[in-house]
Amino acid sequence: MTELNKLTIAAARDALKAGDVTSVELTRACLTEIDAADALGAFVHKTPDLALEQAAAADTRIKAGDAPDMCGIPLGIKDLFCTKGVNSQAASAILNGFRPEYESTVSQNLLDAGAVMLGKLNMDEFAMGSSNETSVYGNAVNPWKVDGRNLTPGGSSGGSASAVAADLCLAATGTDTGGSIRQPAAFTGITGIKPTYGRCSRWGIVAFASSLDQAGPMTKDVRDAAIMLEAMCGHDPKDSTSADLPVPNFEAMLTGDIKGKVIGIPREYRMDGMPAEIEKLWSDGSAMLKDAGAEIRDISLPHTKYALPAYYVIAPAEASSNLARYDGVKYGHRAKLAAGDGINDMYEKTRAEGFGDEVQRRVMVGTYVLSAGFYDAYYNRARRVRNLIKRDFETVFAEGVDAILTPATPSAAFGLGEMADADPVKMYLNDVFTVTVNLAGLPGISVPAGLDAQGLPLGLQLIGRPWEEGDLLNFAQVLEDRAGFVAKPAKWW
C-alpha cells in the first residue's frame, strides 16, 4: 500500500484487521506528511513519540483480536480538548504552557477505542471566529488555493479541517458552537457533523458557550463520520448535560434507503444576495434526494431571521461567564506587575495580554448584555427568541419532515485577511445557515457537494431530528453518493 495517509477510516480499519498494514506504518505515514506541511499551520503541537507508542499498543490489540473500529487510526485533536500531559491552550496566550493532568471525555473515549493522537490542531482562540485568524499560533491555511491566494480553512475548527483535507491525518475532532465544524468542513471539501446537544460529553473541552458547545468528528466521508462519532459518544456523569442514551451503531444505519422520507426546504434560508451557484447547489441537492426517493417539501422556519442576533447575544454572554476563570491566579499566563499593583491590576493586565481582540470583543459584549440595566432587554429576549426557533423546528418535525436541507455556508472559502480587519459583523454572517442548529440543539452535517466557478468546494447542510444522527448520516450518505464529490486540493505545501 502507498500513501497510507490518504486512506479513509473505513479502509484503514479493514486493512489493519486484515493484516495488510500496521498502525505504526499508518502513523509514520501521517507524521511524515505533518512534518512536510508546516506551511498549512494545521498542527500546533506534534506528539510523534506518543503517537508511535499508542500505535504499537494498537497493533498488539489488533493482533489479539480485541480491536474496535477506531483501533490504530491516527487522528488530530483540536486544541480545545484537554489532553493529559500535552499542551492544551485553546489557541490562546492566556493558557500558554497549560498541560492538563486529565483527559477530556471525548478524547479519552477515542483513546480507549485504540485511536492514535498525532498532535493538537489549530483553531480560533477559544473557538471564537470563522476563519482561524484569531489563533495565537497564527492562522491555519486551507489546502485549496485560487490564483496563488491563501484561503481560510474556516473556523473555529480550521486546523482540523485543513489537516483532514490535506491528508495529514485520517480524521480529526472538532467542536461546534455556531457552525465551527460544518463551516470549515464546507470550506475544505470534507464531512463534518455536529451531533445533538448532549450526545458527546463536554467535560474536558475548554468552554466557550456551554449551552451551545458540542464536539463532533471531521472526516473524509460520511461513513468515517459514522464510525468515529460512535466512538466519541456515550453518557458521562461528569457532564450534567450528557444524555444517558444508548449509542447506536451509526455505520450499520447507512442503508442508502430514503424512499418515502420527507426533506424540508426552508424558504427563510433563501437570503437576499445569495450567490447563484449556492442557489443552484441547493437546488441540485434537492433534486438528488428526490431522485433517491425522498419527498421534497417547502417548509417555513419563521424565526430564522432572528437567529444570528440571538446567537450573538447568548454566546458572548456565556463566554463572558466562562472566561472569568482566566485570571492569572492558578494556571496559564500571568502579567508582570509593577510595584503597588493590586489584585485588580493583575486581572486587568493578565486578561489584556492573554486575550486576543476578538475574545475581548465578545467578553465585553457578553458582560454588557448580562449587566443589570440590559439583562432583560438583551439576554432574556434572546433566550425567548431561542425558544421560538426551537419550536419552529419541533413544529416542522411534528408535521412529518424527517430532515432539512440547506446550504452550509453563504459562499466558498474567502482569502485570509479579506474579512478579519473589516466590520466583524460581516465575519459573523458566515454562520447564518448554521447557528439555528446550535440554538435548537439539533444534529447537523455538512457534506461536500460541488465546486464553485473558481474550483473551490461548496457544502450542503442536512439538519436532523434530535437523537437521530443515524438517520441524518444515512441522508448524508445518499447525498454524498449522488453528488459524487471526489475533488482534492492540488498539493502546494
Side-chain angles (χ1 to χ4, degrees), residues 6 8 130-131 142-147 149 151-154 157-158 161-162 164-167 179 181-194 218-225 254 256 258 263-266 269-271 273-294 296 403-415 429-434 437 444-464 472-491:
K6 293 187 177 181
T8 62
S130 300
S131 64
N142 197 324
W144 296 79
K145 261 193 178 184
V146 170
D147 300 327
R149 287 187 305 144
L151 305 176
T152 176
S157 306
S162 178
V164 174
D167 293 315
I181 285 174
R182 291 159 289 152
Q183 184 248 31
F187 278 1
T188 56
I190 66 170
T191 298
I193 182 171
K194 181 206 90 72
M218 302 180 74
T219 60
K220 298 177 185 181
D221 60 23
V222 173
R223 184 170 298 277
D224 282 6
L254 301 179
I258 62 167
I263 305 294
I265 308 294
Y269 281 58
R270 299 188 187 280
M271 306 289 182
M274 179 186 287
E277 53 198 3
I278 298 288
E279 185 81 45
K280 182 180 185 303
L281 183 80
W282 192 10
S283 176
D284 290 347
S286 175
M288 291 173 201
L289 293 171
K290 183 178 181 180
D291 186 56
I296 305 301
I404 296 166
L405 179 71
T406 79
T409 59
S411 70
F414 49 88
L429 291 174
N430 276 284
D431 302 329
V432 67
F433 297 127
T434 52
V437 177
I445 188 170
S446 175
V447 179
L451 299 172
D452 74 352
Q454 302 177 91
L456 295 176
L458 297 171
L460 286 172
Q461 174 181 232
L462 282 159
I463 303 167
L472 180 65
L473 286 158
N474 190 41
F475 284 117
Q477 174 85 76
V478 170
L479 189 61
E480 177 184 80
D481 288 345
R482 302 256 166 179
F485 185 93
V486 293
K488 296 286 289 184
K491 190 168 182 179

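All values derive from a computational prediction rather than experimental measurement. By convention here, the first residue in the shown sequence is residue 1.
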| request: Evaluate the side-chain contact (heavy atoms from CB on, under 4.5 Å) criterion for residues Leu462 and Leu479: first the C-alpha distance (whole Å), next the side-chain angles of each, then the deciding distance (0.1 Å), finally the verdict. | output: CA-CA 9 Å; Leu462 282 159; Leu479 189 61; 4.1 Å; yes
| Working for side-chain contact (heavy atoms from CB on, under 4.5 Å), residues Ile265 and Ile404 | CA-CA 6 Å; Ile265 308 294; Ile404 296 166; over 6 Å; no
| message | Before you tell me yes or no, could you show the steps for Asp291 and Arg482 under side-chain contact (heavy atoms from CB on, under 4.5 Å), namely the whole-Å CA-CA distance, both residues' side-chain angles and the distance that decides it to 0.1 Å? | response | CA-CA 9 Å; Asp291 186 56; Arg482 302 256 166 179; 2.4 Å; yes
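Ring-plane geometry between Tyr269 and Phe433 is classed as parallel, the angle between the planes falling under 30 degrees on a 0 to 90 degree scale with a further cut at 60.
Lys220 places a side-chain heavy atom less than 4.5 Å from the side chain of Asp167. In this structure, Asn474 and Ile258 have side chains that are in contact, with non-hydrogen atoms separated by less than 4.5 Å. Between Pro184 and Pro153 there is no side-chain heavy-atom pair separated by less than 4.5 Å. Residues Arg182 and Ile445 fail the side-chain proximity criterion, which asks for heavy atoms closer than 4.5 Å. Between Val164 and Thr219 the shortest side-chain heavy-atom distance does not fall below 4.5 Å. You'll find the side chain of Ser162 stays beyond 4.5 Å of the side chain of Asn142, heavy atoms only. You'll find the side chain of Phe414 reaches within 4.5 Å of the side chain of Ser131, heavy atoms only. Proximity of Gln183 to Ser130: side-chain heavy atoms (C-beta onward) are separated by under 4.5 Å at one or more points.
Counting all heavy atoms, side chain and backbone alike, Gly444 lies closest to Val437 at N-CG1, 4.0 Å. Nearest heavy-atom pair across Pro457 and Phe485 is CB-CZ, 3.8 Å. Across every non-hydrogen atom of Pro448 and Gly189, the tightest pair is CG-O, 3.6 Å. Pro407 and Met274 make their closest contact through CG-CE, 4.3 Å (heavy atoms, listed as atom of the first residue, atom of the second, distance). Considering all non-hydrogen atoms of both residues, Leu473 and Ala225 come closest at CD2-CB, 4.1 Å. Scanning both residues, Ser446 and Ala408, for their nearest heavy atoms gives OG-CB, 3.6 Å.
For the residue pair Gln461 and Thr406, a side-chain donor N or O sits within less than 3.5 Å of a side-chain acceptor on the partner.
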Would you tabulate the side-chain donor-acceptor contacts of residues 275-289 under 3.5 Å, counting partners in other chains and residues two or more places apart, or write 'none'?
residue	atom	partner	partner atom	Å
Glu277	OE1	Ala453	N	3.1
Glu279	OE2	Arg270	NH1	2.4
Lys280	NZ	Asp284	OD2	2.7
Trp282	NE1	Leu405	O	2.9

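The side chain to side chain contact (heavy atoms under 4.5 Å, CB included) test with Phe187 is passed by exactly one of Leu458, Thr152, Leu456, Leu151: Thr152. Among Thr188, Ile190, Asp224, the single residue meeting the side chain to side chain contact (heavy atoms under 4.5 Å, CB included) criterion with Met218 is Ile190.
Heavy atoms of other residues, nucleotides or ligands lying less than 6.0 angstrom from NZ of Lys6 number 12 at most.
Between the CG atom of Asn430 and the OG atom of Ser411 there is a distance of 5.5 Å, given to the nearest 0.5 Å. The distance from the OG1 atom of Thr191 to the CD1 atom of Ile181 is 12.0 Å, given to the nearest 0.5 Å.
A search for side chain to side chain contact (heavy atoms under 4.5 Å, CB included) contacts involving Ala166 returns Leu40, Pro143, Leu168, Trp493, not counting sequence neighbours.
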